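Notes follow once the structure below has been shown.
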2 protein chains.
Amino acid sequence: MPKSKDSPDGSAGEQRRLQMVDIARLAGVSVSTVSRALNGSELVNAETRQRVAELARSLNYSINFGARNLRLQENKTVAVVVPYDAKSRQHISDPFFLSIVGSIADALTDRGYDMLLSRVDAERLDLASHWFDSGKAIGVILIGQWRQHDQLNDMAARKLPLVVWGGEMPQQLYCSVGGDNVLGGALATRHLLALGRRRIAFVGDARLPEVWLRQQGYQQALQHAGLQADPALELPAAFEPGVATGELREFFAARRDFDAVFCCSDVLALLSIQALRAAGRSVPGDVAVIGYDDMPLAAYCDPPLTTVHQPVAEAGAELVEALLGQLRGERAGPRTLPVYLKLRESAPNT
Amino acid sequence: MPKSKDSPDGSAGEQRRLQMVDIARLAGVSVSTVSRALNGSELVNAETRQRVAELARSLNYSINFGARNLRLQENKTVAVVVPYDAKSRQHISDPFFLSIVGSIADALTDRGYDMLLSRVDAERLDLASHWFDSGKAIGVILIGQWRQHDQLNDMAARKLPLVVWGGEMPQQLYCSVGGDNVLGGALATRHLLALGRRRIAFVGDARLPEVWLRQQGYQQALQHAGLQADPALELPAAFEPGVATGELREFFAARRDFDAVFCCSDVLALLSIQALRAAGRSVPGDVAVIGYDDMPLAAYCDPPLTTVHQPVAEAGAELVEALLGQLRGERAGPRTLPVYLKLRESAPNT
DNA sequence: TTGAAAGCGCTAACAT
DNA sequence: ATGTTAGCGCTTTCAA
C-alpha cells in the first residue's frame with residue numbers, strides 16, 4: 001500500500017492535495033458528475049456545472065494530470081534535449097542554443113504543451129529516446145545534431161518521434177529543422193568579397209553538419225568570385241570557448257596572410273576578435289570579422305558583430321509543428337528556414 | 001474507454017508501447033514478478049530476476065512512469081519557472097538566468113529528478129503554483145523574485161514547496177537562495193574607490209530586491225570611505241536591453257560628473273560601455289565599469305569585464321537541496337552564497 | 001441528467 | 001519464491 005499519511009509527497013503536516021472526490025462530496029454529487037462538469041460536458045445540468053466549477057475554483061482545485069493522462073492514454077509533454085560535452089564536463093552554454101530553447105518554450109506553451117528539459121552526452125544522443133520510451137514525453141526535440149548523424153538516423157528508424165535542430169544532410173532519415181546554412185555561408189563570404197577582402201579565413205569544425213554546410217556556402221562563394229578556397233585558412237575550432245581560445249590565438253599568431261574571418265558562431269567571432277587584437281591586428285581595419293547566429297548580445301559587443309541572423313523566433317514554432325505533425329502521422333521532410341546578413345561594425349558596409 | 005487502437009499516442013501504425021504484462025507473458029511469469037525483478041527485489045529468484053531484466057532490456061522496455069508515480073504517490077519532477085515581461089512580450093533572456101537554469105538542470109539530474117521548464121508573467125509569479133497544484137511537479141524553483149515579494153510570501157503561506165533565486169528581504173516567508181548582494185555591491189564599490197574613483201554611478205532598478213541589496217552595499221562602502229551617495233548618480237535602468245539602451249544613452253549624454261559606473265548585471269555593463277563610448281568617453285580610462293554576474297561571455301567582451309562573480313555552479317545544487325529539504329519537512333531558512341570580485345580590464349587593478 | 005463500475009499500467013499487501 | 005488482488009485519481013461506458 002502507498003503511504004496512508006495525509007501528505008502525498010511526504011512533507012509533514014501539509015494538507016492533502018484536493019481530489020475530485022472531495023469536490024464531489026462537498027457539492028453533493030458523484031465524481032463522474034464532477035469530472036463531466038469540469039470538462040464542460042453537455043451531459044451535466046448547466047446549474048450543477050456552474051456550481052461545481054465555482055466550488056473547484058474557490059478551493060483552488062487542480063486536476064491530477066498524471067491520473068488523467070494514464071486514463072486517457074495521452075500526454076502533453078515534449079522532451080527538449082540539449083547535448084553537452086561529457087568528456088570535458090563542459091556544458092553547451094552557447095547563447096544561441098539557449099535562445100532556441102526559449103523559443104521552443106514559447107511555442108510549446110502556446111499550444112498547451114509542457115517542456116521537459118534535459119541534457120545528454122553529445123556522444124550518446126540516442127539516450128534521448130528514453131523520454132519517449134518511458135512515456136514521460138510524446139516526442140523529443142534535440143538541439144543540434146553534433147557528429148551523431150548515424151545515431152539520429154537509427155533513432156528515426158526506431159520510429160521515435162524526433163525533430164532535430166540542424167542542417168539537412170544527404171540520406172537523412174530524421175526530421176531536421178534549421179537555418180539555410182549554405183546560404184548563410186555564402187552571404188557572409190560574398191559580403192566580405194564585396195568589401196574587397198580576398199583572403200578569407202574560415203573558423204568552425206566541419207565535422208558538424210551545420211558547419212560543413214556553411215563551409216560549402218563559403219567555398220561556393222569563393223569559386224563564384226573566381227577564387228580558390230585555401231585549406232590552410234580553414235581552422236576547425238571547437239565550439240567550447242575554453243578550447244577554442246587557445247586554438248584561435250595560436251592560429252592568428254602563426255599566420256597573417258588573410259584580411260577577413262568568417263566564424264561559425266558569434267562566440268567564436270568574439271574570441272577571434274580578441275585573438276586578433278592580441279596579435280596586433282585591428283578589427284575591422286586589418287581584418288573584417290563576420291559571426292553566425294546573431295545572438296542577443298551580438299549588437300552590444302565591441303565592435304558590434306556583423307553576423308548571419310538565424311530565425312530564432314520562428315525556430316521554436318517550426319520545431320514544435322514538425323514534431324506534432326509527425327505525431328499526427330504526417331510524413332514531413334526537413335525544413336530549411338531563411339537567414340540574412342545583419343550588418344554591424346565588425347564588417348561594415350563600407 | 002480510451003482509444004482501443006494499438007497506438008497510445010495517436011501516431012498511425014506505430015507499434016504499441018511495451019508494458020509489463022508483455023514482458024510477463026514472454027518470461028512466463030506474473031506481472032508482480034516482473035515488477036519485483038525490475039525493481040531489484042530480493043524476493044524474486046536471482047535467476048528469474050536476471051532473465052526478466054535481460055528480456056526487458058533486449059526488448060527496450062521502459063517503465064511507464066505515469067502509472068508508477070500514480071501508484072506510488074510520488075513524483076520526481078521539479079518545475080523551474082523563469083519570469084518574463086508579458087507587457088513587452090520580451091523574454092528574460094539574460095545570460096545569467098540561463099546559466100542558473102543550466103546549473104539547476106545538472107543538480108536535478110544528479111539527484112534523479114526531471115525538470116519541467118516554463119515561463120510565467122513576471123507580474124503573476126503566483127501562477128507558478130499551478131505546477132504543484134496539478135501534481136505535475138513536487139515543487140517550484142523560481143528564478144528571480146522581481147517585484148512580487150508579496151505574491152511570493154502568499155505562495156509560501158499556502159504551503160507551496162517553493163524556492164526562489166534572489167535576495168533575502170526582511171519579513172520573508174519563502175525560502176530564497178542567492179548570492180551575497182550586499183557584499184557584492186560593497187566589493188565592487190570598494191574596488192572602484194581603491195582605484196581612486198570618487199564619483200561612482202549606480203545602474204540598476206532598486207525595486208528589485210537583489211538590486212536594492214547591492215545598492216545597500218554600494219552606499220555602505222561609500223559611507224565607509226567618508227563619501228555621501230549622490231542620488232543623482234543612481235539610474236534605475238531596466239534589465240531588458242531594449243529598454244535600458246535608451247535610458248543609458250540619455251543618462252550618459254546628460255551628465256559627465258562621474259568617473260566610474262557600477263552596473264547590476266553584465267549586460268547592463270556592456271550597454272553602459274557602449275553608451276559611454278558613444279558619449280565620447282573611454283573605458284576604463286575616463287570611466288571604470290564594473291558589472292555583476294560574471295556571465296560566460298564576460299571574459300570575451302572588449303574590454304573584458306571586471307565583475308562580481310556569482311556562484312552559478314553552486315546555485316543549482318543549493319536551490320535543489322533547499323527544495324528537497326523543504327519536502328522532507330525541514331524548516332530551512334534563506335541561504336546566502338559567497339561572491340567575489342573578478343578583476344579584468346574594464347576596471348583593472350592599477 | 002446522474003451514478004455505479006471498470007480500467008489506464010503499475011506496486012505491494014496478502015495469500016500461497 | 002511467486003501469484004492474486006486491490007487501488008493510485010481519473011474518464012467513460014453502461015444502466016437507471
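The structure displayed is predicted, hence computed values, not measured ones. Below, read A as the first sequence line, B as the second, and so on, with proteins coming before strands; counting in each chain starts at 1.
Using cut-offs of 30° and 60° on the angle between ring planes, the pair B/H130 and A/F65 is perpendicular.
Nearest approach of B/C175 to B/Q326, heavy atoms of both residues: CB-NE2, 3.5 Å.
Judged by distance alone, the side chains of B/N39 and B/R68 do bring a donor and an acceptor atom under 3.5 Å apart. Between the side chains of B/T33 and B/S30, at least one donor N or O lies within less than 3.5 Å of an accepting N or O. No side-chain donor-acceptor contact under 3.5 Å links B/E168 and B/Q172.
Within residues 36-53 of chain B, the residues approached by DNA chain D to less than 4.0 Å at the level of any non-hydrogen atom are B/R36, B/L43, B/V44, B/N45, B/T48, in residue-number order.
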>> Quick one, B/Y174 with B/S176, criterion side chain to side chain contact (heavy atoms under 4.5 Å, CB included). Give me CA distance, side-chain angles, the key distance, then yes/no.
In response: CA-CA 6 Å; B/Y174 56 92; B/S176 68; 4.1 Å; yes

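The distance from atom CD of B/Q73 to atom C1' of C/dA12 is 14 Å, rounded to the nearest whole Å. As rounded to whole Å, 10 Å separates atom P of C/dT11 from atom CD of B/E74. Rounded to a whole Å, the CZ atom of B/F65 is 12 Å from the C1' atom of C/dC10. Spacing between atom CZ of A/R25 and atom P of D/dG9 amounts to 12 Å, rounded to whole angstrom units. Rounded to a whole Å, the CG atom of A/L70 is 12 Å from the P atom of C/dT11. In this structure, CG of B/D22 is placed 12 Å from P of C/dC8, rounded to the nearest angstrom. Between the CG atom of B/D133 and the C1' atom of D/dC10 there is a distance of 17 Å, given to the nearest Å. Protein atom CD1 of A/I23 is 18 Å distant from nucleotide atom C1' of C/dG3, rounded to whole Å.
Of all nucleotides listed (D/dC8, C/dG3, D/dC10), D/dC8 comes nearest to the side chain of B/R71. With C/dG9, C/dT11, D/dC10 as the candidates, the nucleotide lying closest to the side chain of B/R68 is C/dT11. For B/A67, the side-chain atoms get nearest to C/dC10 when compared with the rest of C/dG3, C/dC10, D/dC8. Among the nucleotides C/dT11, D/dT11, C/dG9, the one closest to the side chain of B/S35 is C/dT11.
With A/S99 as the fixed residue, the side-chain contact (heavy atoms from CB on, under 4.5 Å) test singles out one of A/V312, A/D94, A/I104: A/V312. For the side-chain contact (heavy atoms from CB on, under 4.5 Å) with A/V81, the lone residue among A/V120, A/L117, A/L162, A/L125 that qualifies is A/V120.
Not a single side-chain hydrogen bond (donor to acceptor under 3.5 Å, both in side chains) links B/N69 to another residue, sequence neighbours left out.
A cation-pi geometry, defined here as NZ or CZ lying under 6.0 Å from the six-membered ring centre and within 45° of its normal, does not hold between A/R17 and A/Y61.
In this structure, the helix from C/dT1-D/dA16 to C/dT16-D/dA1 shows an angle of 50° between the axis at its start and the axis at its end, each fitted on 5 base pairs and rounded to 10°.
Using a 4.0 Å heavy-atom cutoff across all strands shown, B/S32 reaches at least one base atom of the nucleic acid.
Neither OP1 nor OP2 of D/dG9 sits under 4.0 Å from any side-chain N or O of A/Y61.
Between A/M20 and B/T33, the residue anchored closer to the 5' end of DNA chain D is B/T33, taking for each the nucleotide with the nearest heavy atom.
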